[in-house]
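One is the number of the first residue; the rest follow in order along the sequence.
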Amino acid sequence: MVGYEFAVLKEFHFERVLNEDPITHALTLLGTLPVRGSSEHAQAIIRVEKTAFTADHAEQLFPAMLKDTKLIEGTDIYTWLFGWLNVSTDRPDVKINIVHPATEVHVRKYSTQEVAMVHETPTLFESIVKPYISAFPLSRTRWVDNILNGVSEADKILFRDPAPETGFVILPDMKWDLTTISSLYLVAIAFNRDIRSLRDLNKAHLGMLKSIRREATRVANQRWGLEQGSLRMFIHYQPSYYHFHVHIVNANYHGLQGMSAGQAHLLDDIISLIECDPEEGPSILQRMTLTYTLGEQHGLYEPMKAAQRELSC
């Protein structure tokens with residue numbers, strides 16, 4: 001596992017803010033970090049997010065954890081205060097995610113950007129989107145291969161079915177702090193490299209999709225006591241990387257942009273749609289028009305925006 005010790009992070013050279021998110025209390029920064037084993041610096045993206053409180057903190061919050069306060073305002077029975085907490089080695093203040101070395105694609109992905117709704121017909125998928133996906137070098141998903149092959153994050157795997165066509169792994173997503181159950185975030189990654197996106201799914205994949213749903217439910221129940229119906233499972237389109245994966249989130253976790261209509265498609269709905277397919281021919285996911293959001297920094301933004309004008313004619 002690649003490590004970024006405190007001393008290395010202290011060498012971060014700040015360039016600019018990429019994103020400021022008041023909902024998740026996160027700040028995404030662009031700068032440079034030293035390249036391991038070299039005197040060179042390479043572009044780096046660092047996302048710093050304040051960690052959440054858990055119920056375990058409740059009893060100690062005011063008698064032990066709170067260090068100081070400052071009055072903001074008060075009226076009648078209502079009072080607003082700023083507060084400062086004592087330093088604690090057991091309770092981290094922030095979670096830090098690092099992308100290094102970061103490419104311009106990463107910079108665009110993590111930057112604040114305006115979005116547009118686009119309609120992707122099967123024809124547009126074949127002429128614009130499919131070539132875009134096919135052009136991605138295998139190196140962009142090498143980190144996925146490392147997880148599947150057990151080279152990285154092997155100790156975090158919660159479930160593993162190594163079948164080449166129908167197998168998958170389940171592990172914590174990098175967005176989760178591994179502690180707060182109310183913000184539980186796992187990901188299931190398929191072994192089948194031929195499934196690049198939702199568009200590739202058909203009836204042959206029903207067994208795998210149902211197995212992901214079943215095993216994710218079982219893992220969440222056995223590990224954290226979450227009952228049936230406590231998970232929200234969804235598939236992104238467009239996804240952030242073109243190797244099939246399913247997001248698995250605590251159903252009570254709200255506020256993430258990736259769970260919005262226009263990007264997230266519920267796994268249950270995808271299964272139901274495919275079950276309506278005939279036994280032969282293209283699947284409904286290959287025949288239907290998909291409507292979704294694209295950020296202005298996405299590689300598909302310009303060609304898909306231009307194609308919308310032709311659709312409206």
Side-chain angles (χ1 to χ4, degrees), residues 109 115 117-122 124-125 129-130 132-134 136 140-141 143-144 147-148 158-159 161 163 165-176 184-220 229-251 253-277 282-295 298 300 304:
K109 173 185 173 181
V115 300
M117 298 293 295
V118 299
H119 306 288
E120 180 190 294
T121 64
L124 288 180
F125 173 74
V129 179
K130 190 174 181 179
Y132 172 81
I133 296 173
S134 299
F136 269 84
R140 286 289 301 279
T141 52
W143 65 273
V144 176
I147 292 174
L148 295 175
L158 302 170
F159 175 82
D161 174 357
E165 296 296 319
T166 61
F168 56 92
V169 298
I170 297 177
L171 73 159
D173 189 277
M174 66 179 292
K175 288 183 282 295
W176 189 37
L184 176 77
Y185 204 132
L186 312 178
V187 63
I189 304 177
F191 274 93
N192 191 335
R193 290 168 172 79
D194 293 333
I195 313 174
R196 305 294 297 275
S197 76
L198 181 151
R199 282 282 194 189
D200 296 318
L201 294 172
N202 56 47
K203 270 202 166 177
H205 304 120
L206 273 177
M208 178 190 69
L209 297 176
K210 291 181 179 180
S211 183
I212 290 174
R213 180 172 62 183
R214 180 177 62 253
E215 295 302 332
T217 301
R218 181 189 61 78
V219 166
S230 297
L231 297 177
R232 187 196 314 262
M233 306 184 212
F234 54 91
I235 301 160
H236 280 159
Y237 195 81
Q238 296 290 328
S240 56
Y241 56 97
Y242 292 100
H243 183 116
F244 184 71
H245 57 286
V246 178
H247 299 261
I248 304 159
V249 182
N250 191 317
Y253 189 24
H254 302 287
L256 285 178
Q257 183 179 0
M259 294 192 292
S260 303
Q263 185 178 20
H265 300 261
L266 291 173
L267 176 61
D268 286 326
D269 290 345
I270 295 301
I271 290 173
S272 295
L273 282 171
I274 296 175
E275 285 178 331
C276 295
D277 267 340
S283 76
I284 190 169
L285 296 170
Q286 294 161 354
R287 303 194 312 270
M288 68 188 295
T289 293
L290 292 172
T291 301
Y292 52 87
T293 59
L294 277 178
H298 197 287
L300 287 170
M304 287 298 291

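- The two residues D194 and D200 have their closest heavy-atom pair at O-OD2, 3.7 Å.
- A distance-only check finds no donor-acceptor pair linking the side chain of S211 to the backbone of G207 [under 3.5 Å].
- Relative ring orientation between F136 and Y132 is described as perpendicular, the plane-to-plane angle rising above 60° on a 0-90° scale split at 30° and 60°.
- D173 contributes no side-chain N or O that, together with a main-chain N or O of V187, makes up a donor-acceptor pair within less than 3.5 Å.
- Just one residue in the list L171, V246, I170 forms a side chain to side chain contact (heavy atoms under 4.5 Å, CB included) with I189, and that residue is L171.
- The minimum heavy-atom distance linking R196 with I133 is given by the pair NH2-O, 3.3 Å.
- For K203, the NZ atom counts as densely surrounded, since its 6.0 Å shell holds more than 12 non-hydrogen atoms of other residues, nucleotides or ligands.
- Residues F234 and L267 fail the side-chain proximity criterion, which asks for heavy atoms closer than 4.5 Å.
- Of the possible polar contacts, one joining the R287 side chain to the P282 backbone as a donor-acceptor pair under 3.5 Å is found.
- Between the CG atom in N202 and the CD1 atom in I274 there is a gap of 7.0 Å [rounded to 0.5 Å].
- Shown here for L266 and R232, the closest heavy-atom pair between the two residues is CD2-CG, 4.0 Å.
- Nearest approach of A188 to I212, heavy atoms of both residues: CB-CG2, 3.8 Å.
- Nearest heavy atom pair, residue A190 against residue F168, reads CA-CB, 4.0 Å.
- With rounding to the nearest 0.5 Å, the separation of CE in M117 from CG in L294 is 9.5 Å.
- The aromatic rings of Y185 and Y253 sit perpendicular to each other, their planes meeting at more than 60°, with 30° as the lower class boundary.
- A heavy-atom distance below 4.5 Å is not found between the side chains of L124 and H119.
- Relative orientation of the H236 and H247 rings is tilted, given thresholds of 30° and 60° on the angle between their planes.
- In plain terms, the two heavy atoms of P172 and L186 that are nearest each other are CA-CD2, 3.8 Å.
- No side-chain heavy atom of D161 sits less than 4.5 Å from a side-chain heavy atom of F191.
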